[in-house]
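Written out below as structure tokens is the structure these notes cover.
Both ligands and their constituent atoms are indexed starting at 1 by order of listing.
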Amino acid sequence: MKIVIVGGVAGGMSAATRLRRLREDAEIVVLERSGHVSFANCGLPYHVGGVIEDREDLLLQTPESLTARFALDVRVANEVVGIDPAAQTVEIRELATGRTYTEKYDELILSPGARPVRPPIPGIERALTLRDIEDTDRMIDALAHGVSTATIIGGGFIGLELTENLVKRGLKVTLIEATDQVMGPLDPEMVEPVQRRIRKHGVNLVLGRSVVEIGSDTVTLDDGTSVPADIVVASIGVRPESTLAVAAGLEVGAGGGIVVDDHMRTSVPHIFAVGDAVVKHDADDDSDVLVPLANTANRQGRLVADVIAGHRDADRPVRATAIVGVFGLMAATTGWNEKRLRRSGRPYRAIHTHPGSHAGYYPGAHTMSLKLLVDPDTDVILGAQGVGADGVDKRIDVIATAMAGGITASELAELELAYAPQFGSAKDPINMLGFIAENLREGLLCTVQWSELADVVAAGATVVDVRTPEEFAKGAIPGSVNFPIDELRERHSDLPAGPLVVTCAVGQRGNTATRLLAQLGHEVSNLDGGYRTWSDSPAARA
Ligand SMILES: Cc1cc2nc3c(=O)[nH]c(=O)nc-3n(C[C@H](O)[C@H](O)[C@H](O)COP(=O)(O)OP(=O)(O)OC[C@H]3O[C@@H](n4cnc5c(N)ncnc54)[C@H](O)[C@@H]3O)c2cc1C
């Protein structure tokens, strides 16, 4: 059996090495357009910033090492320029010589990845992109020539990572994002700490503005202002690299992604496709989605090898679980966000908490922001987000695992998680989310979201802040009244008449106060996530 693979990085090389482990007798040819295979694309921004000092560390394997260990026929600088599905051949251009030749296949695997979007802005040819080792070399070379300012277009994952790394290199960085926030998968109240951190590090963060022209050392925005830009980086997103597939008559779907079944088969016999180039299925509603992430590409590469070798596993749908580091903060997401739930008109319940990364009495704990989205009818977890300096990664991973395993929001309360004071809390933040979910489901607790507060107040509710007077004096929700929690039992009859919304720093004292006041006969709800969530939300800036 002869298997030809197009693309020799995440998906392609996972497929090649797994195939070899399953089929010693197969002939496996890997064709890669760039000069390198099996390189660490996710590490590229950190080499630009000098965190990964040695370029060689990015090159996980070489054609020679892959031939030695896996008997793969790996050909770099060999671009596949055509597929003839009837003849089961690919046409290849050897980039060094320009020679073209044909290779026959029994099975063809496409893992060509995605290509950076380059919008038709005047001057876009000056913009650098970051996708492979050659791009990295170009960027490092550009930085070596007296560069002091950089403008990055696009506040997605790669834009954020490059922002941090160019600041590390001493550049004055402007980050321009056309929407009103960076990192689209986060909801607005969750992204604010990230944006604050970016600004704190001296970055000129420009939101809600588009680039209309790239000049020789400036970039012009749609409001007529211009920002300095010795170098310009376009990190506006990626599109599936499906040109080859389209030309060969393969079916493409959402955003130009190659359509595959759950065994990675395309619409054309003997041609499979994996990774960033293919359309995936959302784990929640089975809709078509593009999720250009390394975990999925690697898993699908392994799976396609299994399928070709005769195993019958099926691809799993995706939740787009992802994390990015931004100047010492982690921001992570899994599943649906609130924006998407709202757009789709689905009912949901949101829970915000701000727990410590580990026990508060043990030095070095950091407060994080966690958000859980839950189906109010079934208690199914729909999504989660986390932002903080420490411990966010493991909480989002636990929630992603819970979602995959069908564990409901209330059942998070029962999870038995590893604990010692330097690593967590006896009631881990995950358990706390479960407690709140359980309280809400059972009607023990009623919450108001930051986005609902203005309407609730307009309808006659009073916001009661139960923090200490000292905390209250440092900043409070306009119009709120201060009744410290420890005085509530005695003073509750002094509270204004009508419905009450209790708030505190993060929602925890508010929960206790809400329970107390409810049992004393008040109509009361708790402001979810307390002052911290509210002050990070657009409501605080309105
Ligand atoms: C800078 C950067 C940082 C990233 N960081 C993260 C991260 O932290 N976490 C995460 O989950 N994901 C991250 N990603 C995304 C992740 O790298 C991709 O999801 C993953 O590599 C996709 O695997 P793939 O096999 O589909 O494509 P790729 O790994 O991109 O491989 C595709 C290869 O195919 C080659 N190719 C394309 N067309 C042809 C052709 N016609 N002939 C021959 N070869 C061809 C390309 O040259 C390319 O090398 C990052 C990506 C980049 C660029």
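- In this structure, R346 satisfies the cation-pi test against W336, with its NZ or CZ atom closer than 6.0 Å to the six-membered ring centre and inside 45 degrees of the ring normal.
- Backbone and side-chain nitrogen or oxygen atoms of F39 are examined, and none is located within less than 3.5 angstrom of a nitrogen or oxygen of ligand 1.
- Taking atom 3 (C) of ligand 1 as the reference point, the nearest protein heavy-atom neighbour is N41 O, 3.4 Å.
- Of the candidates I158, V9, V81, the one placing a heavy atom closest to atom 29 (O) of ligand 1 is V9.
- Using a distance-only test at 3.5 Å, with no hydrogens or angles considered, no donor-acceptor pair links the side chain of R239 to the main chain of P116.
- Where the criterion is an N or O separation shorter than 3.5 Å, residue side chain and backbone included, D276 meets it with respect to ligand 1.
- Distances between N or O atoms of A277 and those of ligand 1 include no value under 3.5 Å.
- Close contacts of ligand 1 with P45, meaning ligand atoms under 4.0 Å from a residue heavy atom, involve 1 (C).
- One side chain, Y348 or R342, offers a donor N or O that lies under 3.5 Å from an acceptor on the other.
- For ligand 1, none of its N or O atoms has an N or O atom of E79 under 3.5 Å away.
- How far CZ of R299 is from CG of D313: 11.5 Å, rounded to the nearest 0.5 Å.
- Scanning all heavy atoms of the two residues, the minimum distance from V278 to Q300 falls at CG2-OE1, 3.6 Å.
- Protein heavy atom nearest atom 15 (C) of ligand 1, with residue, atom name and distance: P292 O, 3.7 Å.
- Closest to atom 45 (C) of ligand 1, if we only count protein heavy atoms, is R33 CB, 3.7 Å.
- Donor-acceptor pairing under 3.5 Å is recorded for the side chains of S148 and D230.
- Of all the atoms in ligand 1, the ones that sit under 4.0 Å from a non-hydrogen atom of G275 are 26 (O).
- Ring pair F423/H358: centre-to-centre distance not below 6.0 Å.
- No side-chain donor from either of Y46 and D57 sits under 3.5 Å from a side-chain acceptor of the other.
- Nearest protein neighbour of atom 33 (C) of ligand 1, counting heavy atoms only, is E32 OE1, 3.5 Å.
- The shortest N or O to N or O distance between N295 and ligand 1 is not under 3.5 Å.
- The heavy atom nearest to atom 16 (C) of ligand 1, out of those in G301, A294, G113, is found in A294.
- In this structure, R316 places its CZ atom where only 12 or fewer heavy-atom neighbours from other residues, nucleotides or ligands lie under 6.0 Å away.
- When hydrogens are left out, the protein atom nearest atom 14 (N) of ligand 1 is C42 SG, 3.7 Å; that is the closest non-hydrogen contact.
- Near A297, with a cut-off below 4.0 Å to any heavy atom, the atoms of ligand 1 are 22 (C), 23 (O).
- Counting heavy atoms from C-beta on, the side chains of Y105 and I271 come closer than 4.5 Å.
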Might you work through the side-chain contact (heavy atoms from CB on, under 4.5 Å) test for M183 and L160, ending with a clear yes or no?
CA-CA 8 Å; M183 221 190 144; L160 292 176; 4.0 Å; yes
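- Proximity annotation for atom 53 (C) of ligand 1: of I92, L130, I83, L130 comes nearest, heavy atoms only.
- When non-hydrogen atoms are compared, ligand 1 lies under 4.0 Å from the backbone of N78 (N, CA, C, O) but not from its side chain.
- The closest protein non-hydrogen atom to atom 30 (O) of ligand 1 is R131 NH2, 3.2 Å.
- Rounded to the nearest 0.5 angstrom, Q195 CD and L205 CG are separated by 5.5 Å.
- Counting heavy atoms from C-beta outward, T174 and I152 have side chains that stay 4.5 Å or more apart.
- With ligand atoms numbered from 1 in the order given, ligand 1 contributes 20 (C), 21 (O), 23 (O), 25 (O), 29 (O) to contacts under 4.0 Å with heavy atoms of A10.
- Between the side chains of D187 and Q385, a donor-acceptor pair is found at a separation under 3.5 Å.
- The shortest N or O to N or O distance between G11 and ligand 1 is under 3.5 Å.
- Scanning A40, S111, A320, S14 for the heavy atom closest to atom 32 (C) of ligand 1 points to S111.
- In terms of heavy-atom proximity, G255 sits nearest to P240 at O-CD, 3.3 Å.
- Remark: ligand 1 atoms within the under-4.0 Å shell around heavy atoms of L31 are 43 (C), 44 (N).
- The atoms of ligand 1 that sit less than 4.0 Å from any heavy atom of G7 are 33 (C), 34 (O), 35 (C), 44 (N).
- Residue contacts with ligand 1 for V6 involve side-chain atoms from C-beta outward but no N, CA, C or O (heavy atoms, distance under 4.0 Å).
- Atoms of ligand 1 found under 4.0 Å from any heavy atom of L293 (numbered from 1 in listed order, with element): 10 (C), 11 (O), 12 (N), 19 (O).
- V289 is listed as a side-chain neighbour of S287, based on a closest heavy-atom distance under 4.5 Å.
- Summary of contacts: the protein heavy atom closest to atom 42 (N) of ligand 1 is V80 N, 3.0 Å.
- With ligand atoms numbered from 1 in the order given, ligand 1 contributes 41 (N) to contacts under 4.0 Å with heavy atoms of L244.
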